[in-house]
Amino acid sequence: MKSCDQITSLRQRVQAFRSAGERVAFVPTMGNLHQGHLELVRQARERAERVVVSIYVNPTQFGAGEDLDAYPRTLERDRQMLEQEGADLLFIPNDSVMYGDGRRSDLTRVEVPGVSEQLCGASRPGHFIGVATVVAKLLNMVQPDLALFGEKDYQQLLVIRRMVAELNIFVEIVGIPTFREPDGLAMSSRNGYLSAEERTLAPLLNRVLQSMCRQLLGGGADFLALEEAGKEQLREAGFEPDYLSIRQQNLELPTVGGENMVILAAARLGSTRLIDNCSLFLR
Ligand code: PAF
């Protein structure tokens with residue numbers, strides 16, 4: 001696996017793939033890779049001849065007081081995992097390659113209104129502007145045929161799909177189902193922050209979502225009551241729920257008799273913020 005930290009060398013390498021008639025798939029990450037990321041790489045390899053992965057801990061998507069400084073940087077381990085998984089090219093830009101020497105407040109930003117301000121965007125103001133901006137920049141740098149994202153970050157995926165559609169970026173966005181630990185906990189770089197005791201409690205988040213799904217499929221239609229009962233169950237186990245919300249799959253509020261739904265949750269366990277979601281189709 002080759003790696004590069006400059007945009008010109010990235011372009012030359014991607015151009016060489018294209019000249020050979022090869023399709024290029026792109027997996028953007030913030031590193032500290034786990035099996036969920038490797039699944040994205042595997043899925044990328046099934047869809048394209050070449051796989052480009054980026055590792056960049058993007059400061060603009062972290063709010064004040066969030067875990068930017070503590071975010072684990074494990075480049076050598078990540079590199080080995082990607083090598084084993086058969087990625088072709090690793091792009092590791094630094095802050096000045098990514099944002100130039102512009103002051104943070106002067107940056108050109110990408111804002112996707114409507115889907116961005118609610119749920120995770122409400123508790124992390126500006127987070128999705130940072131995500132949309134860095135993903136737009138990375139897509140312009142790499143110019144892949146397709147880019148893959150995990151469905152665990154459901155709202156992020158929606159923001160990116162809308163951004164790509166509305167800015168006419170010629171790339172196919174592929175969502176890949178959440179990769180889970182055997183006990184159901186969604187894989188996340190932040191799971192490493194959990195203490196041993198918190199780790200045993202953490203799968204409850206998914207169990208609550210699954211139980212709400214079953215109740216909706218069984219005809220439950222009092223959405224507010226279901227949400228409140230789910231939050232109460234989490235609180236009793238020691239979680240601090242941020243939101244637990246039943247929505248249509250485009251994140252609009254649900255209607256009774258609606259068909260494509262998603263239940264989304266974010267909750268703090270100790271100092272770790274966990275998110276998860278569960279999609280369902282009602283007939
Ligand atoms: O999901 C992530 O890891 C990040 O939000 C992303 C898409 C790599 C942008 O920094």
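The structure displayed is predicted, hence computed values, not measured ones. For ligands, and for the atoms within them, numbers begin at 1 and follow the listed sequence.
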Where ligand 1 meets Thr29 - atom numbers and elements under 4.0 angstrom, heavy-atom basis |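 Once the distances to Thr29 are compared, the set is 8 (C).
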Can you sort out which atoms of ligand 1 are near Val134, meaning under 4.0 Å from one of its heavy atoms?
->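 Numbered from 1, ligand 1 contributes 9 (C), 10 (O).
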Hey, could you give me the CG/CD1 distance between Leu209 and Ile263, rounded to the nearest 0.5 Å?
->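 It comes to 6.0 Å.
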Which protein non-hydrogen atom lies closest to atom 3 (O) of ligand 1, naming both residue and atom, and how far is it?
->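 Minimum-distance protein heavy atom for atom 3 (O) of ligand 1 reads Met30 CG, 3.7 Å.
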Nearest protein heavy-atom contact for atom 2 (C) of ligand 1: which residue, which atom, what distance?
->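 For atom 2 (C) of ligand 1, the nearest protein heavy atom comes out as Gln156 NE2, 3.9 Å.
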Could you list all the ring pair (Phe, Tyr, Trp, His ring centres under 6.0 Å) pairs where at least one residue sits in residues 126-180, not counting sequence neighbours?
->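 Matches after skipping sequence neighbours: none remain.
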Report, as yes or no, whether the 6.0 Å neighbourhood of atom CZ on Arg45 holds more than 12 heavy atoms from other residues, nucleotides or ligands.
->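 Count not over threshold, so no.
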Pair Ser116-Arg162, side-chain donor/acceptor within less than 3.5 Å =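 No pair is found: no donor N or O on one side chain lies under 3.5 Å from an acceptor on the other.
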Residues Gln118 and Arg247: side-chain donor-acceptor under 3.5 angstrom =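 A donor-acceptor contact under 3.5 Å links the two side chains.
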Are any of the N or O atoms of Gln61 closer than 3.5 Å to those of ligand 1?
->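 Indeed, backbone or side chain, Gln61 has an N or O that close.
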